[in-house]
Amino acid sequence: MTELTIRINKKEYPARQSTEALTVIENLELKIKQHEFVCLFGPSGCGKTTMMNIIAGLDTVFEGSIKFGNQPAQESQVGYVFQEPRLLPWCTVQQNIELALENTLDPNQLDDLLDQLEISDIKHHFPSQISLGMARRVALARAFIIQPEILLMDEPFVSLDNTNADRIRHKLVDTWSTHPHTIVFVTHDLREAIFLADRIIMLSPAPTQIHKEITVSLSRVQRTNDALIEEFRQSMITTR
Amino acid sequence: MNVSRLYATLSVITLLLIWQFIATLLKIPELPPATTVFLQLKDAIGNGQLPYHLGMTLLRLIISFSLSMLIGIIIGIALGRHQVLDQLFDQWLLILLNIPALVTIILCYLWFGLTEVAAILAVVINKVPNVAVTIREGTRALDKNLLEMAQSYRFSHWKIYRFVIWPQLFPYLMAAARSGLALIWKIILVVELLGCSNGMGYQLHLFFQLFDVTSILAYTIAFIVVIQLIELLILKPLEVRANRWR
């Protein structure tokens, strides 16, 4: 089993002229099992995005270590779905997805994936020609195509309407069940977290530490029932 | 023909008519009528003089333009991406930007003799700082989010330059190319006037000494036409192609 071990002893933003140094994360240690789906849940501004950037290797100025198995996590295959789709506007949908790959693409694999996400019709479109919901699915396709060992998702469905978001959530769970990989998913929507996660990590306000961990005991089938999700959410709130 | 092109054509014709009218009215050698100038232009093209000198100037233009763009882009990206370099060399750029073109030209001729290399070098030294400053601005304005995306997906250096940085720099590049072309034209003429034995600048100097206003105007028209052709046939199509995605 290749475990993802996140150890952040201290992450601070240095002092500027007008502001003092700010400690965002302190003494945080989290182990995530291989193929586990973990949601990070916490108030806004608690350093969730900072944490994701650290795991992705984009932010290297911190005390601690991020390991995947015995290797630094940066050396493993990481897919990152940002809050915004972050597609290259001058590349078509297909090019955007292909660019994430090191080698050339197997066309069948791409078509299957696009079919699954219901975006095959737009593969030759430019990002400016498609809706935000579609752009988000393209960003997902880009992350899936590299078959990541670790998939980081930072509130990827905010500003989508419910129906759209729900559909994409189902797609995400489907894809994850067929090609299992470790997922770290940031959200501030508890119902979303209950629907998606094996385990929910509740974070405290900055300096961020782990406030509580909750294993979601509902089966994948039970989670399609909104009433059960609501019931679970109520039980979480009352024991918080 | 669309409306804006119609207006453009009408405005050029109006200008020519005004010129013709005033010249006919004044009847002085200092301002020959447009018709005379166009006839002279036809002659100069016919006897091969104008194509030869214009060709020499264009050759110098292409070489010095390409060199200035290449060097300017490299310096601009380096300064835009590395703050320390920028702080070290910002003053150099400022000084170079403020040296009058004429001084660079004279110094190059004094140091390297009346050679082609000196002529090209003088133009390049004049132009590089402008390109570098524009590209530096472009590099500073690069979208950090897209760079992060590229980094998290482990894009190779080549991929980052080709697919993430280059398309964002392109508008700045076009701006540098346009202003560069306008500037280089003007400098090259002075360079030729001072130290070459062919080219448009050399010819204009000759006409000046002969007091041949008709030829000066004929060469100027040839000049304007060539610049417009470069804009229409090279720069515009490049821009259209690069902006397909918008």
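So that the names make sense, note that chain A is the first sequence line, chain B the second, and so on, each numbered from 1.
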Taking atom CG of A:N53 and atom CD of B:E148, what is their separation to the nearest 0.5 Å?
-> 5.0 Å

Distance, nearest 0.5 Å, that separates CG of A:L88 from CD of B:Q168 = 8.5 Å

Would a 4.5 Å heavy-atom cut-off, applied to side chains only, mark B:N145 and A:F82 as touching?
-> no

Interface moiety of A:Q77 toward chain B, non-hydrogen atoms closer than 4.5 Å | neither

Hey, is CG on A:D115 packed in by over 12 heavy atoms from elsewhere, all under 6.0 Å?
-> yes

Are the side chains of A:L87 and B:M149 in touch, meaning some heavy atoms are under 4.5 Å apart?
-> no

CZ on B:R154 to CD on A:E75, rounded to 0.5 Å | 9.0 Å

Using a cut-off of under 4.5 Å for heavy-atom pairs, which of A:S128, A:A143, A:P89, A:C91 has the most such pairs with chain B?
-> A:P89

Counting only heavy atoms not in B:K159, do more than 12 fall under 6.0 Å of its NZ?
-> yes

Which residues, numbered in order, of residues 181-192 of chain B come under 4.5 angstrom of chain A by heavy-atom distance?
-> none

A:A100 and B:Y153: which non-hydrogen atoms are nearest, and at how many Å?
-> CB-CD2, 3.8 Å

Can you name the nearest heavy-atom pair linking B:F163 to A:L99, along with the distance?
-> CD1-CD2, 3.5 Å

